[in-house]
Amino acid sequence: MRARFTIAAAALLALLAGTGVGAAPADKPAPAAGRPAVAKITYVSGGSVYLEAGREQGVTSGDSAEARRDGRRIAGLIVREVTSRRALCDTFAVVATPAIGDDVRYTARPLPEAVPAGTDTTVTDTGVAPARPISSRTARRAWRGRIGAGFLSVNPEHGSSISQPTLDFRLDRRGAAIDFHGDVRGRTTGTSNATEREARVYRMAATIHDALSRRRVTFGRQVLTSAPGAAFFDGVVAEIDRGAWTFGAFGGGAPEPSDFTPSFSQIQAGGFARVRRSRDRRSWSATMGLLDARYKGVIDRNALFLDVSHSAPGRALFAAEEMDLNPSWKRNLGDPAVSATSTFFYGRQSFGKGVSLDAGFDNRRSVRLARDRESAETVFDDRYRRGGSTGLTWEPKRWLRVGGSGRWSAGLPHATRSFTGTLFVRRPKALDVALRLRATRIEGESDGWLRVAEGEWSWGPSGRVLLRGGWEHWNDANGLTETGDRWQGLELERSLGTRVYGFASGERRDGDGGRVTQSQLGISYFF
């Protein structure tokens, strides 16, 4: 493992050594009005992402956009706050969590004549919309926010079926000092003999803040994104934003993991500090904090957490570390005084002529995945998430991307190494169609293949149809097939202006364990 870590670290050093390669001018030119445009994600905070483009690049509050990774759509975006060169967006219909350096596709708007270039270059890093005037009609409404409803159904041929209705919302009033956030999901699990019903509250919180959201107090059920070890908790988070620096403290109880009912058997508390710097198209941020968790008064975990991110034209880097400060009862069992329990880093560097190199390492024991829906492919990737990876991508034309990557994994069911090749083709003119092909070879205790094909048709930013299929199979040491799964899926998305968004998806998987069908519906109203 040490040798593998050294290889990944050397790859990251190669990324950092290319800091001067592929650099772009400081001022990003405005794309032609009405034409598709691309921007990069520069920062991620919970369900919000920050873009390197703003009014000068044709971005307008209330617009819809989409985040893409390796040519594939991973999340929908709604622009909430815009300055001259930056934008803050909410995410929805998330397939994979957006990350720093991901592409964002949007349709450029005509430049507003009343906005002088370069007048405002900072977007406050906050989970609520600052109460300040914005030029769009939508932003001038008294109440702003999103209300969404959905339904998930999973029906295996053998085993328990699952039905899950969902309701989520975000409300804030312009000029008011309080905002509301909620996410409630019902769940029905049934067999031929019994049916169980429950409701889980994943988020139900209110934020009190001043006029510019410089001072914020959030209470209720929530997730503290600045402290990954804290997970869900019922309590209070207080933050003070002093420009480049943000300071915060938190405390509360962890809900019962089995049914999410409130519980204060385990108390979590701590604090953090974050610093951000941005100039031209380059930015970096760092967060450091402390988590103290006690179960019925006994120290369960003391941990330091740190993350650092950096983005620049052609380059993105993110690293995070958690270090446990083990109490005496853990040291008596043989644990060291300090142990690194969670490490993650990812870097990407472009080298001109459409060539980019990426490298990463991930040994996190558990990860909160902010996804609205899953596919057989995402389940496969999550299974082999832990380990190191390197990859190379070549994009000779704007419509063609070819990639190759390697990964060693310590995930279940056994340690493996894998090699993946991808091909992505898009023709965005009269008929906006795209094709993505993927083949992954797995080698380890058992050998196998994952093959995926996706076809996509989009009509502007308002609609999309995606058809996908795949095949996963495993062989034993003698080359005999042990297991094999095939799946087919369909996704439909439609936006009505900037107010209503709806989607429907379905997937059928056939394998040794029988047939499993999964369907999902959702609708969101933005105002």
Side-chain angles (χ1 to χ4, degrees), residues 47 64 66-67 73-78 90-97 145-171 180-205 221 223 232 255 258-261 368-379 382 454 456 462-469 487-510 514-527:
S64 60
E66 58 183 28
R73 183 190 185 282
I74 59 173
L77 304 177
I78 291 292
D90 287 343
T91 57
F92 65 94
V94 179
V95 177
T97 306
R146 168 182 179 265
I147 298 177
F151 184 81
L152 169 67
S153 175
V154 180
N155 297 290
E157 185 177 358
H158 308 290
S160 302
S161 62
I162 297 175
S163 299
Q164 179 175 283
T166 64
L167 174 67
D168 63 275
F169 65 87
R170 168 181 170 175
L171 301 173
F180 301 94
H181 309 260
D183 184 354
V184 181
R185 306 181 188 185
R187 187 181 182 93
T188 300
T189 305
T191 64
S192 58
N193 300 322
T195 300
E196 296 182 359
R197 294 181 174 88
E198 62 177 339
R200 291 188 176 187
V201 178
Y202 286 85
R203 189 176 188 184
M204 190 65 66
R221 176 156 297 178
V223 176
F232 293 97
S258 59
D259 55 11
F260 267 48
T261 56
R368 294 191 305 270
L369 299 172
R371 291 193 182 129
D372 294 318
R373 55 185 182 269
E374 291 186 338
S375 66
E377 184 180 5
T378 61
V379 172
D382 293 341
E454 285 185 349
E456 178 183 329
S462 62
R464 185 177 75 104
V465 178
L466 184 144
L467 180 65
R468 63 170 175 263
W487 65 88
Q488 305 84 38
L490 176 68
E491 292 185 11
L492 304 173
E493 296 184 8
R494 186 74 169 97
S495 297
L496 301 177
T498 60
R499 298 289 188 84
V500 180
Y501 163 84
F503 75 87
S505 67
E507 183 175 276
R508 187 183 73 180
R509 180 164 186 154
D510 296 286
R515 173 172 294 180
V516 178
T517 58
Q518 175 178 304
S519 58
Q520 191 168 9
L521 301 172
I523 188 169
S524 297
Y525 176 68
F526 300 88
F527 56 93

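Note that the numbering runs from 1 along the sequence shown for the chain. No hydrogens, no waters, no symmetry mates; every other heavy atom, side chains included, goes into these values.
With values rounded to the nearest 0.5 angstrom, Glu491 atom CD is found 8.5 Å from Phe503 atom CZ. Of the inter-residue distances, the one linking Leu466 atom CG with Glu456 atom CD reads 5.5 Å to the nearest 0.5 angstrom. Expressed to the nearest 0.5 Å, how far CG of Asn155 lies from CZ of Arg515 amounts to 12.0 Å. The CE atom of Met204 sits 4.5 Å away from the CZ atom of Phe169 when rounded to the nearest 0.5 Å. Separating the CZ atom in Phe151 from the OG1 atom in Thr166 is a distance of 10.0 Å, to the nearest 0.5 Å.
Residues meeting the salt bridge (charged side-chain N to carboxylate O under 4.0 Å, His left out) test with Arg509, sequence neighbours left out: Glu472, Asp485. Shown here are the ring-ring contact (aromatic ring centres under 6.0 Å, His included) partners of Tyr525, two or more places apart in sequence or in another chain: Phe527.
Partner Val154 forms a side chain to side chain contact (heavy atoms under 4.5 Å, CB included) with one of Gln520, Gln518, Glu507 and no other, that one being Gln518.
Among residues at least two apart or in separate chains, salt bridge (charged side-chain N to carboxylate O under 4.0 Å, His left out) pairs with a member in residues 149-168 are Arg146-Asp168.
A donor-acceptor pair under 3.5 Å is absent between the side-chain atoms of Arg221 and the main chain of Pro255, judged by distance alone.
Taking both residues in full, the closest heavy atoms of Pro156 and Ser161 are given as CD-CA, 3.9 Å, listed atom of the first, atom of the second, then distance. When all heavy atoms are compared, the tightest approach of Leu521 to Ala504 is CD2-CB, 3.4 Å.
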- Query: Are Glu377 and Arg468 close enough, and set up right, to give a side-chain contact (heavy atoms from CB on, under 4.5 Å), and what steps lead you there?
  - Reply: CA-CA 10 Å; Glu377 184 180 5; Arg468 63 170 175 263; 5.8 Å; no
